[in-house]
Amino acid sequence: MGMGMNNPLQLKSLNHISLICRSVEKSLHFYQYVLGFFPIRRPGSFDDAWLFGYGIGIHLLQSEDPESMPKISEINPKDNHISFQCESMAMVEKKLKGGEEGAVDGDSLY
């Protein structure tokens, strides 16, 4: 995109998103081993982790009060979220539900 009305700030791309987590350790495992992101080194002075994959960065931040965070038992498409395109939604669902070799542990979904 060039200058002008369509891009007045001359933005180039999304750099990263930040997510506050109940557990950075568990979230790091999920994003790394389930979704395929890889950890990167970034400056940080608090309990956090940085990951990169699929052209975007994710900054995981430890909640200061994890017990006060709402417990999510099902996905709400109207809530904050990130979304990925995939080649086979049926394969992804099967893997996440444990019906395929290399299935994801259901406790990893949060």
Side-chain angles (χ1 to χ4, degrees):
M1 283 188 173
M3 293 175 42
M5 293 300 289
N6 293 332
N7 189 6
L9 299 178
Q10 301 179 37
L11 302 177
K12 294 181 181 181
S13 65
L14 175 68
N15 180 274
H16 73 274
I17 60 168
S18 292
L19 301 170
I20 298 174
C21 311
R22 286 180 176 280
S23 167
V24 166
E25 182 181 343
K26 288 181 179 179
S27 296
L28 179 61
H29 183 273
F30 177 78
Y31 282 94
Q32 188 172 357
Y33 296 106
V34 175
L35 296 180
F37 282 79
F38 55 91
I40 58 174
R41 291 191 322 164
R42 292 285 301 247
S45 59
F46 30 80
D47 192 6
D48 66 347
W50 286 87
L51 301 115
F52 187 81
Y54 313 102
I56 62 168
I58 295 182
H59 184 194
L60 302 176
L61 297 157
Q62 178 64 48
S63 170
E64 292 180 7
D65 186 8
E67 294 307 314
S68 70
M69 293 181 70
K71 295 191 190 274
I72 299 169
S73 59
E74 65 181 54
I75 295 171
N76 177 354
K78 292 183 179 182
D79 201 352
N80 294 326
H81 66 280
I82 57 176
S83 177
F84 297 93
Q85 287 183 303
C86 61
E87 290 189 28
S88 170
M89 190 62 183
M91 184 277 303
V92 170
E93 288 176 349
K94 189 174 184 180
K95 216 170 193 165
L96 291 175
K97 291 178 180 176
E100 185 174 298
E101 186 176 333
V104 176
D105 178 4
D107 290 340
S108 297
L109 304 175
Y110 32 82

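Atoms considered below: every heavy atom in the structure, side chains included; atoms not considered: hydrogens, waters and symmetry mates.
For Phe52, the CZ atom counts as densely surrounded, since its 6.0 Å shell holds more than 12 non-hydrogen atoms of other residues, nucleotides or ligands.
Smallest separation of non-hydrogen atoms from Ile56 and Leu14: CG2-CD2, 3.8 Å.
Listed by chain and residue number, nothing satisfies the side chain to side chain donor-acceptor pair (under 3.5 Å) test with Ser83 (two or more places apart in sequence, or in another chain). Legend: residues meeting ring pair (Phe, Tyr, Trp, His ring centres under 6.0 Å) with Tyr54, ordered by chain and number and at least two apart, are Phe37, Phe84. Legend: residues meeting side chain to side chain donor-acceptor pair (under 3.5 Å) with Asn80, ordered by chain and number and at least two apart, are absent.
Rounded to the nearest 0.5 Å, atoms CD (Gln32) and OG (Ser27) are 12.0 Å apart. The OG atom of Ser88 sits 11.0 Å away from the NZ atom of Lys95 when rounded to the nearest 0.5 Å. Atom NE2 of residue His81 and atom CD1 of residue Ile17 lie 10.5 Å apart, to the nearest 0.5 angstrom. In this structure, CD in Glu93 is found 8.5 Å from SG in Cys86, a value given to the nearest 0.5 Å. For the atom pair CG of Asp48 and CD1 of Ile20, the computed distance is 12.0 Å after rounding to the nearest 0.5 Å. For the atom pair Tyr31 OH and Cys21 SG, the distance stands at 7.0 Å (nearest 0.5 Å).
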Notebook entry, point to check: When you look at Met69 and Ser63, which way does the side-chain contact (heavy atoms from CB on, under 4.5 Å) test go after all the steps?
Noted result: CA-CA 8 Å; Met69 293 181 70; Ser63 170; 3.4 Å; yes

Check: Between Val24 and Leu61, does a side-chain contact (heavy atoms from CB on, under 4.5 Å) hold up when you go through it step by step?
Finding: CA-CA 6 Å; Val24 166; Leu61 297 157; 5.7 Å; no

Check: Going through the checks in order, is the side-chain contact (heavy atoms from CB on, under 4.5 Å) test met by Trp50 and His16?
Finding: CA-CA 9 Å; Trp50 286 87; His16 73 274; 3.6 Å; yes

Next item on the list: Could you walk me through whether Leu60 and Leu51 pass the side-chain contact (heavy atoms from CB on, under 4.5 Å) test, one step at a time?
Entry: CA-CA 8 Å; Leu60 302 176; Leu51 301 115; 3.4 Å; yes

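Val92 is not listed as a side-chain neighbour of Lys94, based on a closest heavy-atom distance of 4.5 Å or more. Residues His59 and Leu19 have side chains not in contact (no heavy-atom distance under 4.5 Å, counting atoms from C-beta outward). Residues Arg22 and Gln62 have side chains not in contact (no heavy-atom distance under 4.5 Å, counting atoms from C-beta outward).
Hydrophobic cluster membership is shared by Ile82 and Val34, with clusters built from Ile, Leu, Val, Met, Phe, Trp and Tyr side chains linked at under 4.5 angstrom.
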